[in-house]
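Inspection log for the structure reproduced underneath, given as structure tokens.
Atoms within each ligand, like the ligands themselves, are counted from 1 in listed order. Note that the structure is a prediction, hence the values are computed from the model and not measured.
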Amino acid sequence: MKKVFVLGSINMDFLFTIDHLPKKGQTLTGKEFSSLPGGKGANQAVAAAKQGVETYMIGNVGDDALGDELIDKLKSYQVKCDYIKRIKDTSSGLACILLENNDNRIIVNPGANNIHDIEYIKKVLEENANEGDIFLTQLEIPLDIVKKSIKIAKSIGMMSVLNAAPMKDLDQETLSNVDLLCVNESETKALINLQVDDTNIDQAFSKIEKLGPKTSIITLGEKGSYYKDKDELIYTKVYLSQIVDTTGAGDAFTGIYLAYKILGEDTALALKKATAGASMTIETMGAQNAIPNKEMIDSFLEREENK
Ligand code: RIB
């Protein structure tokens, strides 16, 4: 059975629900507070593992109590944690998430996520991954590590997937080694300097293709998503949901989509399941805990189809 290896961030999310952002010099009392596991890499690993795919997390946490909690949670979602390192005298990654109306604003303190050793990543992938396995990463760890690890994954014959979040300066060599690029609206704007919508989607994909990736997915929030490879363009509409917290919805989409692809699902159906999973994630506070498993997605889609 094929496996997914996720290299990325592991954070503890501190979520504050507020009526409005504080003004300069102002102290504001929040309405609600939760501390829940997150981090783009860890969320995507959880999303894939919850669909029943063998998923390995490569990342770091500090030698603090949060690190214990973050690893325990990942294990509880069946994510394999053998390649997570504890970094001495360093704090685990933290994210302060301000939830205002239906939007979120995130400030990250990377902590242990900033300390990576490419030789270790190379060893883990070369000793454990096989041709056809998926290598998935994001941009919440040092860029240099992302670039080198994508190259290593390609040399092993893995399918390399980059969720370019948050967007950083990517070079053509790295993008040419990316088999699937996943970006949202603002990341697309940063990458190709185009405000993408359904009227210029072809232009967006052709600009991205010129940069290297042959297959890409552009997610447009409540406006749905577009998938493009050399043969087809697929639009997937979103399902209406009660927004509680949008944190981790994009991560749910990416992890779930890849899980179904590796399980052999047809692309359109994998996209549909990923979209359903993302819609369900925003109905609950938090990221990892809110991501649905296979059974939950199946019954959600069944309900939607019978509406
Ligand atoms: O994508 C959502 C994630 O971004 C949060 O869980 C937070 O940790 C930040 O990394």
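Salt bridge status for Glu305 with Lys272: present, with a side-chain N to carboxylate O gap under 4.0 Å. Ion pairing between Asp68 and Arg86 holds under the 4.0 Å rule for side-chain N and carboxylate O.
Within 4.0 Å of ligand 1, protein heavy atoms belong to Asn11, Asp13, Gly38, Gly39, Lys40, Asn43, Ala95, Ile106, Glu140, Thr247, Gly248, Asp251, listed by chain and number.
With no hydrogens or angles considered, no side-chain donor-acceptor pair links Gln288 and Tyr77 at under 3.5 Å.
Remark: Tyr227 pairs with no residue by the ring-ring contact (aromatic ring centres under 6.0 Å, His included) rule, at least two apart or across chains. Applying the salt bridge (charged side-chain N to carboxylate O under 4.0 Å, His left out) rule to Lys73 yields no partners; only residues at least two apart in sequence or on another chain are considered.
Cluster partners of Leu99, using a side-chain heavy-atom cutoff of under 4.5 Å among ILVMFWY residues and allowing indirect links, are Leu15, Leu36, Ile97, Ile106, Val108, Val244, Met285.
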